[in-house]
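Remember, it's a predicted structure, so these values are computed and weren't measured experimentally.
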Amino acid sequence: MKRDDKMQLEVNTVVELKKLNLSKGDIVKVLGYYSNYDGAEHKRIISDTDNGSGIKLDNGLYGNIICDGEVKVSWFGAKGDGVTDDTEAFKRAFNTKVTVNLLRKNYIINSTLFLNKYQVLKGNGAVISTNSDVVIIKCSDNNIIENLFFENSQVQGTAIDFTNGFNNMINNVQIKNYKKGLLFGCSVGNHSGNQITNLFANKCEVGIYVDVRGEFSTFTNCTLSENQIALKIIGGNTHFVGGNICNNEIGVEIGKGENDAHGLIAATSIKHNTKYAIVVDSPNVGEFLLEGISLYYGDIYLKDCKGIYFSNSTIDTANVFEENATECKFKDINFFNKPIKNIPNYNNSFSSVLYENVRGKE
């Protein structure tokens, strides 16, 4: 231990700090958690109680972290070596209820982390890895998550769960190998207003899953690739704008849920999806508009649905399957390869899909 020019105590590590016979009110600069200058430099104040961030000293007092609205997980002992389970360090950092910063490392997390209201998680290019079938991050309200990569060792669990969370934002987040990449939904009568920007979801069972009610969730400039289902919507008021939905098994699936799956997909490239580009199957749909899309490869399947509108788009698909599709419309469409309108082997099926001002359609 030494004192700097301002008579502030200074130690190399947390282990050294524990051994000191300090007094209440002393302030100590800790140069690192496990070794000096390991990226965990911070300050602690000595107290007779633990405020949730404290380390118990050998003399029975506590060294509590001093923070100015932000903490680093490394201050709580997170190693980020890709081997050590850092879950408990993350939980202690989140319990401070202030902004949490990660270093550009690979952190192992194996149980759910709960963000508090108005809490921010700054990834700074970090990776959160897991081999567990759990939700990794559960949001509450007014959270921000940015610049972070989530990866599971196999397709299981959920990366980020926004269920019943309101006015959350994520930006520059990548997700790989999850059963559900992002999960949304809120109870009837509530409105979520979540904003997702620059998301990349890859090799998930479902990249984005909007369950029950999306309620004004907006996805902007998102890329969904190599998922079984890229975007699954069974909850209302979902808006997907300016993204890429490519190289999935199913690009977009709109299905039946507790609430009608109305919303908008616009200015989006939907290409090379191997089974269906778009499948609409038995939703309680009021209206769903697909406008300004560029669709190449992958069939369109409209089943037991009403009010699906394609507008001002370029579509290159071999088949448009229709079964009990009513009040649906293709308007101002450039069709390539003259897709075949199909009602394949369904008894008593009825469709009234309108084709208005289309080019290239037989």
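- L302 and C328 make their closest contact through CD1-CB, 4.5 Å (heavy atoms, listed as atom of the first residue, atom of the second, distance).
- A donor-acceptor contact closer than 3.5 angstrom links the side chains of N110 and S132.
- Remark: the D81 side chain and the T84 side chain contain an N/O donor-acceptor pair separated by less than 3.5 Å.
- V120 is not connected to L148 by any chain of hydrophobic side-chain contacts under 4.5 Å among Ile, Leu, Val, Met, Phe, Trp and Tyr, and they are in different clusters.
- V134 and I128 fall within a single hydrophobic cluster, where Ile, Leu, Val, Met, Phe, Trp and Tyr are joined by side-chain heavy atoms under 4.5 Å apart, directly or via other members.
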Audit row: F288, V280, side chain to side chain contact (heavy atoms under 4.5 Å, CB included) steps and yes/no | CA-CA 10 Å; F288 209 101; V280 183; over 6 Å; no

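- Annotation: the span from R44 atom CZ to D26 atom CG amounts to 14.5 Å, rounded to 0.5 Å.
- The shortest side-chain heavy-atom distance between T163 and L183 falls under the 4.5 Å cut-off.
- For the pair L9/V11, no side-chain contact is recorded, criterion being any heavy-atom separation below 4.5 Å from C-beta on.
- Annotation for K91: atom NZ counts as buried by contact number, over 12 foreign heavy atoms lying within 6.0 Å.
- Between V73 and A93, the shortest heavy-atom distance links the atoms CG1-CB, 4.0 Å.
- Rounding to the nearest 0.5 Å places CD of E327 at 4.5 Å from NZ of K306.
- Classified by interplanar angle (parallel below 30°, tilted 30° to 60°, perpendicular above 60°), the ring pair F184/F219 is perpendicular.
- In this structure, C67 and T96 have side chains that are not in contact, with every pair of non-hydrogen atoms separated by 4.5 Å or more.
- Between the side chains of N312 and E291, at least one donor N or O sits under 3.5 Å from an acceptor N or O.
- Counting heavy atoms of neighbouring residues, nucleotides and ligands inside a 6.0 Å radius, atom CG of D68 does not exceed 12 of them.
- When the side chains of ILVMFWY residues are joined at heavy-atom separations under 4.5 Å, either directly or via intervening members, V206 and V135 end up in two distinct hydrophobic clusters.
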Can you check side chain to side chain contact (heavy atoms under 4.5 Å, CB included) on D50 and K56, steps first, answer last?
-> CA-CA 8 Å; D50 180 3; K56 191 171 184 179; over 6 Å; no

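- In this structure, CD in Q156 is found 11.5 Å from CD in E205, a value given to the nearest 0.5 Å.
- The line from CG of N273 to CD1 of I229 is 11.5 Å long, rounded to the nearest 0.5 Å.
- Contact annotation: the side chain of E253 never approaches that of D281 to less than 4.5 Å [non-hydrogen atoms, C-beta and beyond].
- Between F330 and F335, the two ring planes are tilted [angle within 30° to 60°].
- There is no path of hydrophobic side-chain contacts, each under 4.5 Å, that joins F200 to V210.
- Using a 4.5 Å heavy-atom threshold, the side chains of N172 and E146 count as separate.
- I46 and L22 make their closest contact through CD1-CD1, 3.6 Å (heavy atoms, listed as atom of the first residue, atom of the second, distance).
- Atoms CD1 and CG, from I160 and L113 in turn, are 11.0 Å apart once rounded to the nearest 0.5 Å.
- N124 and N147 share no side-chain donor-acceptor pair at under 3.5 Å.
- In this structure, F240 and I208 have side chains that are in contact, with non-hydrogen atoms separated by less than 4.5 Å.
- For CZ of F149, the number of neighbouring non-hydrogen atoms (other residues, nucleotides, ligands) closer than 6.0 Å is greater than 12.
- Taking each heavy atom of V30 and N12 in turn, the nearest pair found is CG1-O, 4.5 Å.
- The cluster map of Ile, Leu, Val, Met, Phe, Trp and Tyr, joined by side-chain heavy atoms under 4.5 Å apart, puts I108 and L121 in different clusters.
- Note: S23 OG to N59 CG = 8.0 Å, rounded to the nearest 0.5 Å.
- For the pair L295 and I300, the minimum side-chain heavy-atom distance is below 4.5 Å.
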Test log, rule side chain to side chain contact (heavy atoms under 4.5 Å, CB included), inputs L224 and L199 = CA-CA 8 Å; L224 312 178; L199 168 77; 4.3 Å; yes

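- Contact check for I145 versus L115: side-chain heavy atoms found under the 4.5 Å cut-off.
- For residues 32-64, the pairs satisfying ring pair (Phe, Tyr, Trp, His ring centres under 6.0 Å) are H42-W75, with sequence neighbours left out.
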Going through the checks in order, is the side chain to side chain contact (heavy atoms under 4.5 Å, CB included) test met by I308 and L290?
-> CA-CA 8 Å; I308 307 297; L290 298 99; 3.9 Å; yes

